[in-house]
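Below is one structure, written out as structure tokens; the observations come after it.
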Amino acid sequence: MTDSWWWLGALFAGPAAVTAGSFLGVELERLRALTVAAAAWMTVVALGVAWQPDMRAVLLHSAALAWTAGGEALLRVDALSAALLPFAAGLWLLTVAVTPQAALDRGGLRRTAVATALTALSFLTESALVLLACWAASIRTFVAALSDPAHAVQRRVVVVYLGAATVVLAVGVVLLVGPQAGHPVAATVGTWLVALAALVRMGVVPFHAWVPEVFDHGRLGPAILFSAPQLGAYAIVVLLLPGASPALLRCLALLGLGTAMYGAALALVQTSARRACGYLFVSQSALVVAGLDCTSTPALGGGLLVWISAGLGFAGLARCVLVLEARRGRLDLSRFHGGYDRMPLLAATFLAMGLACTGFPGTIGFVGETLLVNGAVDVFPVMGFAVVFASALTGLAVLRMYFALFAGRPGRTEAALPGLGLRGREAVTFAGLILVIVGLGLQPRPLVDSRLEASEAILARRQAHAGGNGASRASPAKRAGAPVTHRGAGSHGAGHGTRAAGSEIP
Amino acid sequence: MSLAPSLLPQAALLAIGVGGPALLLAVLAASSLVGRPLPERWTARLTAGSMLAALAAFGLGLAGTLTGRHEPGLLSYGAWSTARPGGIALEFLVDPLALAFGMLTAGIAGVVSAFSNRYLHRESGYQRYFVLLALFVLGLLLVALAGNIEVLFVGWEFVGLSSALLVGFFHDRRAPVENALRVFAVYRVSDAAMLSAAVLLHHVAGTDSLSLLFGGSPTATALPGPAARGIALLLIVAVAGKSALLPFSGWLPRAMEGPTPSSAVYYGALSIHAGCFLLLRAAPLLERVPEARALAALLGAATAVFAGLTARVQSDVKSALAYAALTQVSIVVIEIALGFYTLAFLHLAGHACFRLLQFLSAPNVLHDLHALEERLGTRPIPGPGAVGVLAPLRLRDPVYLLALERGFLDSALDRVLVAPFVRAARWLTRLDGRLCAAVLPREGLGPAPGPPGPGGEADE
């Protein structure tokens, strides 16, 4: 075991400790404190993993589950995953730090830990089968969160939509990595099926109807934690981008752009804050899908950056709604709720998160959207105009929500409510979130460089795949299926095409 | 970052001129964020100090440029967002026009901040007001000094957001908030037009440099005709939205809901002229696109007539002043369209100062009228005015109604644009519900769970 593996062990120690604690009957208050500490620990470790170039040497490689030449990485840290790990850990910290104590029971705490571990594990793998397993397990965790009879309908919606997506993904993966993997028809059908599954999971039109329903009438908290990391986007990057045809990517981009405008437009007219959040998620995740159209390194880098900015912005905004709901009950956007003076920090957080979603200057969202538009517009000008239009609508939707939630005179009941102000932990978390969103917006260089590096690696992998397409399909290594544990030599590439060979450990 | 030695003095002045308001914004916002707003006295001093520093910096820069001691030019700070190629560059165009507008901005903002310090004394939103004022000043300075379209857009957005939030400053009342949303909606149209122009420029020319767009570069003529036409027309839409030209004039009276000092600085003095400034910047482009000049002149003329008539029948002083300001803004637009650039800038600067004074003294208007009546010994009754005398009898009533109803612009926009949009969006929402229900053939979606009361549902 090298230091790198210790780091990875430390990364998963937090979720493991919480899961173990929940089963071992640790007293609930202690378990809550442990969860917050574990989430903070995981965030710090993930930042350490992302920061250290040495960590790029971590690679558990195998040909057993692969369809490309030389196998694939069951576990690896590269430029792509380096920034996604702190993102996943940060979302967990945000979740457990601002959720009202009464709303997080033992099972809930365990589910947040398991969901985060699954997300982090997904971000660390390139293996289609491992990803499929994580995908299915995370949906299982989400469904478990909807076990309350009051949410039976929403549970069924999730099971039908996401269950079908999982089946479709499984078939697609089998076609891609199964014995018939070399066949062009199988590869094409498999690719389209994987794309379909990702679209359903990300709520892209016309497969989006589950999102507003589950956000509105299901449980918003688990929905945020499930959707904000955008595992569907990761599946597209890992399973599709290396070999997908430009036509398929353009098709996904067009669907994404249409959905981005559609979601923003519908968010603008909702009367339920939760439903508006649902449509905002649809819009934001679709923008990420559109950004994965591999037109150029800056455009793809912008897309990868929008992934993080939209995820953080959306999760922060939806968490603000939950914090407000905890104080006021369900929030109706057709009237003004007031209360700005009693919780200015929450109002500022809501606005900052919403502005990050719209790509407002001074937030990290601006950098991502600008890179995306500038990079893509030369070969795909529609992208530029559509992003502009979606951003304008999103901005309006966000400001409307902001005014409805924080402006106006509070009703008599609401005015009489005690404790409208934020608790210490909530205040610190939200202030930290603003610092992250604005800080990365003002000093985006490290994150942008990391996303561009990942983008270059993905495009290199795509080129390598195009170059060695035939050979990879008939790879003897894959046919032999022999598991190989392999430690790479610290290549910064995300894919096989750029990875240097390392020493093999029997 | 590598700057030519001849540009170093300009860079130093720019750092003071733009850095001061930026630092002010950071300090005020951070102190608000941590729940420890600065005392009013300190807020006022810091604001005044940064505005004075900016005024002096731009004044020195302008004097140096006009006397030939400083060289006008493009200050490029390279890729700010990344060490790799393809990032976002920070570029500032430091020339007499930018420095003069920067000076005007800093001077007027300084006056308004001093006035606001007393006007908003002990107001609960005092600190919020100054945060937004700092955001506005920073935004307008970025618009003035922008060397590429990204910097221009950053400034444009800062101005728009701060404007909307200041219209909704008294947010415990319904009307300001609803009007703020209206104002913001028009600004978003303006922003979208501006960004679309940027996208088109990038697509056609492969650059975001304003020197290409606005003619300071030798490659400026490389922009093909249709593209130049498209960009110019989009810019005119952006200008029309920001400067309340027709058909976007409906938001102007709504914007009067904000505190008087903010109305003065935005809709009397500076923000409403931002569009004119952009047109001045884009003058070389307009010269190559006669259709755009014609459109600008037409919009300006139509707006001038409309605003002139409407200003005469307003019953509140701020709205009357706003429409009067719009009349002058429209005339500035006409001047730019006709190519009288120096005249246009002098008109802009003079009008901004004059209207600022009028707006700031607006709260005293009744007091002044009473004083006037006392001196005259009678109440002065305004005459019918030129319009009343010259307009044919048949037209007087319709024109009066049109002016009184502010051209029915808002209701027309509601009917033509907003209502169909809302109807379509609601229909699509219902369709989504049905799509979801379709996967549940037996029970459908059923009633939603009851609303959770305060305390929230079990929701991690």
Side-chain angles (χ1 to χ4, degrees), chain A residues 99-100 102-105 108 112 150 153 156-157 160 209-210 212-213 217 219-222 265-266 269 297-298 322 325-330 336 338 340-341 348 360-361 367 370 373-375 377-378 381 384-385 388-389 392 395-396 399-400 403 407-409 417 431 434 444-445 448-449 452, chain B residues 32-35 80-84 86-88 124 128 150 153-154 157-158 161 164 168 171-174 177 180-181 184-185 188-189 191-192 195-196 199-200 202-203 206 208 421-422 425-426 428-429 432-433 435-436 439-440 443 445-446 448-449 451-460:
Chain A
T99 305
L104 266 178
D105 58 8
T112 62
V153 173
R156 182 143 179 208
V157 169
V160 170
W210 68 272
E213 174 58 29
H217 298 137
R219 296 180 64 192
L220 186 55
L266 264 63
V269 300
T297 303
L322 265 183
E325 269 197 359
R327 287 153 172 80
R328 296 168 163 172
R330 194 170 280 266
F336 296 110
Y340 174 91
D341 294 329
F360 192 81
V367 185
T370 306
V373 170
N374 285 355
V377 77
D378 288 340
F385 294 113
V388 166
F389 190 64
L396 260 181
L399 201 70
R400 173 178 172 259
F403 280 139
R409 276 202 190 93
L417 286 174
I434 291 181
R445 196 171 264 214
V448 172
D449 283 344
L452 290 177
Chain B
S32 299
L33 197 65
V34 298
W80 148 74
S81 60
T82 171
R84 290 154 187 265
I88 306 164
S124 63
R128 178 161 47 96
E150 275 92 10
F153 180 69
V154 170
E157 286 274 63
F158 282 0
L161 181 72
H171 51 53
D172 52 343
R173 287 190 283 124
R174 193 179 181 95
V177 175
L181 204 56
F184 193 64
R188 293 307 281 177
V189 173
D191 297 345
L195 264 183
S196 299
V199 167
L200 198 55
H202 214 288
H203 178 59
D208 53 9
F421 173 82
V422 171
R426 289 196 175 142
L428 287 169
T429 306
D432 282 354
L435 264 178
C436 205
V439 303
L440 304 166
E443 67 259 52
L445 286 181
E457 61 186 273
D459 209 348
E460 77 271 20

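Residue numbering restarts at 1 for every chain, and letters A, B, ... go by the order of the sequence lines.
Partners of Val373(A) by side chain to side chain contact (heavy atoms under 4.5 Å, CB included), not counting sequence neighbours, listed by chain and number: Val387(A), Val199(B). Partners of Pro212(A) according to the side chain to side chain contact (heavy atoms under 4.5 Å, CB included) rule, which considers only residues two or more places apart in sequence or in another chain, are Arg275(A), Tyr279(A).
Separating the CG atom in Leu161(B) from the CZ atom in Phe360(A) is a distance of 4.5 Å, to the nearest 0.5 Å.
Interface remark: of the candidates Leu435(B), Val189(B), Thr429(B), Val34(B), Thr429(B) forms the most heavy-atom pairs closer than 4.5 Å to chain A. The most heavy-atom pairs under 4.5 Å with chain B, out of Phe389(A), Trp210(A), Phe385(A), come from Phe385(A). Contact count versus chain B (heavy atoms, under 4.5 Å) is highest, among Val367(A), Thr370(A), Asp449(A), Val388(A), for Asp449(A). When Ala265(A), Gly375(A), Ala431(A) are compared by the number of non-hydrogen pairs under 4.5 Å with chain B, Ala265(A) comes out ahead.
The closest side-chain heavy-atom distance from Glu150(B) to Asn374(A) is below 4.5 Å. Val448(A) is not listed as a side-chain neighbour of Ile88(B), based on a closest heavy-atom distance of 4.5 Å or more.
Heavy-atom minimum distance, Ala425(B) versus Leu266(A): O-CG, 3.8 Å. Taking every heavy atom of both residues into account, Asp341(A) and His171(B) meet most closely at OD1-CE1, 4.0 Å. The shortest non-hydrogen separation linking Arg174(B) to Phe336(A) is CG-CE1, 3.4 Å.
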